[in-house]
Each structure stands twice: as C-alpha cells, then as structure tokens.
2 protein chains.
Amino acid sequence: MRLEQMIERLKESDCRITPQRYAVLKVLANSSEHPSVESIHAKLVEHYPTMSLATVYKTITLLKREGEILELEFSDLGNRYDGRKPYPHPHVICTECGKIIDPSHLDLEEITSKMMEETGFKIMTHRLDFYGLCPNCQG
Amino acid sequence: MRLEQMIERLKESDCRITPQRYAVLKVLANSSEHPSVESIHAKLVEHYPTMSLATVYKTITLLKREGEILELEFSDLGNRYDGRKPYPHPHVICTECGKIIDPSHLDLEEITSKMMEETGFKIMTHRLDFYGLCPNCQG
DNA sequence: TTCTATGCAAACCCTTTGCAAGGTA
DNA sequence: TACCTTGCAAAGGGTTTGCATAGAA
C-alpha cells in the first residue's frame, strides 16, 4: 500500500526503482518502529551485502523531497523515520531505550490556527513529542 | 533575575563563577531570541578575545545538567538555547530565517495526562514546535 | 546506449574530549 | 596551595559529497 504509493511517486519524478531503493522503501513502508538509517541499513545488508549507508541516505533524501516520509530529528540519537504516516503527528518517546510510538490521533488544527493568528507566521507543519519512560524501562 | 538564579544554582553545585562563565550566563539570561552556541560565542569574543567555543559548550553542558536552560535540538540548524524559560513550552520557528518565538502559554497538562493513560509511559517532558514562515519571510 | 544510481572514501559540521597552562577560592 | 577551568587542537559521530564503475530503462 504505502510501498506502492512511494514507488508511484518516485516514478512520477523520473527516479529509477533499483533493487536497493526498492529494499529501502519496503523497510520504510513496513516498519512501525520509526527506524534509524543505521537500523535500516543493518536490516538490509543481510540480503544485500554490498548495500551502502550512502544509498540509504540518498534514498531517504529522495523520499523527504517527495514528502513520502516524516523525519524526526534528534541531535543525539540520530534521526528516525516514519514511512507509514508521512504527515505530522504526535510521538511518545522513551528516553531510556529509544522506543517511539504513535498515540491515537490528536488534533492540533485549532491550536495551529490560533498560533497563526497570534504570531503572524504562516505555519506549514508542527512537531509534538512527549518524552518519558516506556513501561519496560520504568523498573 | 535569571542571571542570579543561574549563578546561585551553579554555586550550590560547587562550580566556580569564572569571568567566562559569567559572560555566557549573562547572554543566556538576557537573550529572548534563542541563541545558538555559535552566536553566543560570536557575541562574547568582542569583549573576551580568547573566549573559546569549548568553554561555551562546557558552560551549557553545566546549565543543562542543572536544569537552568532549555535545549532545542535541531539536526540541521544546530541547537538553540533558552535560558529565560528553562521549562518546556511551545515554539514557533521560521524555516527560512531561523527566527524562534514563544507564543503565549498553551497548557498541555491535560493532553499529557491522556498520553500517559493511553500509552503507559511515564512522561517527563515534551516538545511542541510549529514550523512556518515568519511575517518577514512571507514576501 | 544513455544517463542515472551505487558504493567507497573523503569531506563536513557540530560537539565532545585530552591535556598542559592558567586562575579561582 | 590545591583543584577546577580554560582553550587549543584533535577526536568523534552522523550525514553529505565526489567520482569512477555498475546498471536500469
């Protein structure tokens, strides 16, 4: 589903669907754990021993440009990616183990409108993260 | 005000208040523009020609440990700091010029409670950013 | 056959660290 | 005086880039 959408979008932009790109897209389309570049690469080298980190980075750059993945920037942990829901949505993040989950939808549209009125900014997107300890790490 | 609080806190933790640290604290306590390490350093070298970036970084590390500044991590722009309001609060960020402002208070306590119930996480802090174009950059 | 993509290695940027010299309390 | 801090330079970690080779269409 998401995989097909991603492929379609890349084809429309005259990008070639190489085996490497297909493999990266597949991981992103099927992962709900918000993988890092490192973990995507690690998962792929098993089947594609020559797969390079650079290719993963380049594919992700492509998908970002096309709006097909959401990038969660962390200056410490390294960035994490969401290929299934490439639009802004809240995240709950464990500061101990790095686990990231999506809570059920929370509508920030009204708040965003208020922010625009108050600040004069033309707001295009947002980021809402909650940080704490997941059930496993509270022991 | 904030300056005195910061100094007090550092003294309690047996940190020496050197001229360099005092200068960094002063900039952080008086800046509402969420300065970067680079900009803090640039402002200080005028008066302290030998001031090093390392010292600014080390002072900030200290203040983070003491909970006296809020760090806004950006993997691209570099991190930005708020020494006046060292607790989590929403930010509105211009993706063109990097301007960051604080909109009026927005209470996320209720939402945070809901998140904890739903996810089982013990949430300690949060981050809410709105990204867009400031009035000056909309032309 | 043409032109894009890959993958290695080097370059980059921001941040942290090691260590000798200087300065605080 | 004793110990902490400074500041230089080098190390680090994640990400990007250059370029020759491989490969998709």
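Since the model is a prediction, treat every value here as computed from it, not as a measurement. Below, read A as the first sequence line, B as the second, and so on, with proteins coming before strands; counting in each chain starts at 1.
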- For B/Leu133, which fellow cluster members are found when Ile, Leu, Val, Met, Phe, Trp and Tyr are connected by side-chain heavy-atom distances below 4.5 angstrom, either directly or through intermediates?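 Its cluster mates, by chain and number: none.
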- Task: Could you tell me the separation between the CG atom of B/Asp14 and the C1' atom of D/dC3, rounded to a whole number of Å?
- Result: 12 Å
- Task: Please report the closest heavy-atom contact between B/Gly98 and B/Arg80, naming both atoms and the distance.
- Result: O-NH1, 3.0 Å
- Students should find that the nucleotides of DNA chain C closing off the region near chain A, any atom under 4.0 angstrom from a heavy atom, are C/dC3 to C/dC8
- Between the two end axes of the helix from C/dT1-D/dA25 to C/dA25-D/dT1, each built from 5 base pairs, what angle do you get to the nearest 10°? 40°
- Task: Decide whether B/Glu66 and B/Ser13 meet the rule of one side-chain donor and one side-chain acceptor closer than 3.5 Å.
- Result: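 Their side chains do contain a donor-acceptor pair, which is all the 3.5 Å distance test asks for.
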- Item | cation_pi(A/Arg127, A/Phe74) dist<6.0 Å, angle<=45 |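 That pair qualifies as a cation-pi contact.
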Could you list the residues that satisfy side chain to side chain donor-acceptor pair (under 3.5 Å) with [X], not counting sequence neighbours?
X       : value
A/Tyr57 : none
B/Glu68 : B/Arg2, B/Arg9
B/Tyr48 : none
B/Lys85 : B/Asp102

- Residues which pass ring pair (Phe, Tyr, Trp, His ring centres under 6.0 Å) with A/His41, listed by chain and number, not counting sequence neighbours: none
- Query: Would you find a donor on one side and an acceptor on the other, under 3.5 Å apart, between the side chain of B/Glu118 and the backbone of A/Ser104?
  - Reply: yes
- Message: What does the B/S/- profile of nucleotides 15-25 of chain D look like, 5' to 3', with a 4.0 Å heavy-atom cutoff to protein?
- Response: BBBB----BBS
- Message: The criterion is salt bridge (charged side-chain N to carboxylate O under 4.0 Å, His left out); which residues satisfy it with A/Lys64, sequence neighbours excluded?
- Response: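 Salt bridge (charged side-chain N to carboxylate O under 4.0 Å, His left out) list for A/Lys64, sorted by chain: A/Glu71.
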- If you look only at pairs with a residue in residues 19-33 of chain A, which of them pass as a salt bridge (Lys or Arg N to Asp or Glu O under 4.0 Å), with sequence neighbours excluded? A/Glu33-A/Lys43
- Specify the residues of residues 39-52 of chain A, ordered by number, for which at least one heavy atom lies under 4.0 angstrom from an atom of DNA chain C. A/Thr50, A/Met51, A/Ser52
